[in-house]
Amino acid sequence: ASGFPVSPFWKKYFTVSGYAYLFVAFACFLNVYLHELVNNGPNILPWIVDLIGLGSMVPQEWITPNLGTLKALNPIMTLGGAVAALFLLGRMSKQYDIPPSVRRGQYLIISAISFVFLVIL
């Protein structure tokens, strides 16, 4: 992405502001790996009971927890990563004198990436 517009102006500021994208990337990385836990988390305990051989003795209703709140984990992590990225970009723009037009463009890119990940996950 830093090589797309072939201007040294864009590359200079994208190199500095690229660190802010790590928060969004890390949040989405965790979302991908926690996707299975979020979707099949309530089945873990029944699977373990069946694996041990106690499935016929213990009713499923007793050991199936209601983990519906885990489904809120993916959007919360994505939004948290986006907020942290935007906050870091704001701090870095003051420290490295990033022009407001470049900063707004980076804000727009981070927001668009976060929105796409919210829709996908």
Side-chain angles (χ1 to χ4, degrees):
S2 66
F4 174 62
V6 190
S7 73
F9 177 75
W10 174 261
K11 288 181 183 184
K12 174 185 172 187
Y13 292 116
F14 191 84
T15 304
V16 171
S17 62
Y19 292 109
Y21 288 84
L22 291 175
F23 285 104
V24 177
F26 188 66
C28 293
F29 175 76
L30 284 176
N31 281 336
V32 168
Y33 283 100
L34 292 176
H35 182 73
E36 196 64 31
L37 173 68
V38 168
N39 289 330
N40 293 320
N43 298 328
I44 291 174
L45 194 56
W47 288 341
I48 292 172
V49 170
D50 283 340
L51 184 67
I52 294 173
L54 299 174
S56 61
M57 296 172 25
V58 179
Q60 283 270 356
E61 300 84 39
W62 290 2
I63 56 173
T64 305
N66 184 6
L67 300 177
T69 56
L70 276 179
K71 297 214 184 274
L73 187 64
N74 285 344
I76 289 172
M77 277 198 304
T78 303
L79 290 174
V83 167
L86 294 173
F87 177 74
L88 179 64
L89 185 59
R91 298 282 306 257
M92 289 174 59
S93 67
K94 293 175 186 170
Q95 183 177 357
Y96 293 102
D97 295 326
I98 297 175
S101 61
V102 174
R103 186 179 66 234
R104 282 191 298 269
Q106 299 295 335
Y107 281 157
L108 183 65
I109 293 171
I110 289 174
S111 300
I113 288 170
S114 301
F115 178 74
V116 166
F117 280 129
L118 281 173
V119 170
I120 289 173
L121 298 172

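Note that this is a predicted model, so its numbers are computed, not measured.
Considering every non-hydrogen atom in both Ala72 and Pro75, the closest pair reads O-CD, 3.4 Å.
Summarising the hydrophobic clusters (Ile, Leu, Val, Met, Phe, Trp, Tyr; side-chain heavy atoms under 4.5 Å, direct or chained), the residues clustered with Leu108 are none. With side-chain heavy atoms closer than 4.5 Å counting as contact, directly or through intermediates, the hydrophobic cluster containing Leu79 also holds Leu118.
Residues Val102 and Met92 are members of one and the same hydrophobic cluster, defined by side-chain heavy-atom contacts under 4.5 angstrom among Ile, Leu, Val, Met, Phe, Trp and Tyr.
A search for ring-ring contact (aromatic ring centres under 6.0 Å, His included) contacts involving Phe117 returns nothing, not counting sequence neighbours. Partners of Leu86 by side chain to side chain contact (heavy atoms under 4.5 Å, CB included), not counting sequence neighbours, listed by chain and number: Tyr107, Ile110, Ser111. The side chain to side chain contact (heavy atoms under 4.5 Å, CB included) search around Leu51 returns none, not counting sequence neighbours. Taking Ile48 as the reference, Ile44, Ile52 meet the side chain to side chain contact (heavy atoms under 4.5 Å, CB included) condition, with sequence neighbours excluded. Under the rule for a side chain to side chain contact (heavy atoms under 4.5 Å, CB included), the partners of Phe87 that lie at least two apart in sequence or sit in another chain are Arg91.
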When the side chains of residues 23-34 are checked against the rest of the protein, which donor-acceptor pairs come out under 3.5 Å, sequence neighbours left out?
unit_1	atom_1	unit_2	atom_2	d
Asn31	ND2	Ala27	O	3.4
Asn31	ND2	Asn74	O	3.3
Asn31	ND2	Thr78	OG1	2.5

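A distance of 11.5 Å separates CD1 of Ile109 from OG of Ser114, quoted to the nearest 0.5 Å.
Evaluated for a side chain to side chain contact (heavy atoms under 4.5 Å, CB included) with Val116, the options Ile113, Ile120, Val119 yield exactly one hit, Ile120.
Sorted by first and then second residue, the side-chain hydrogen bond (donor to acceptor under 3.5 Å, both in side chains) pairs involving residues 17-27 (not counting sequence neighbours) are Tyr21-Gln106.
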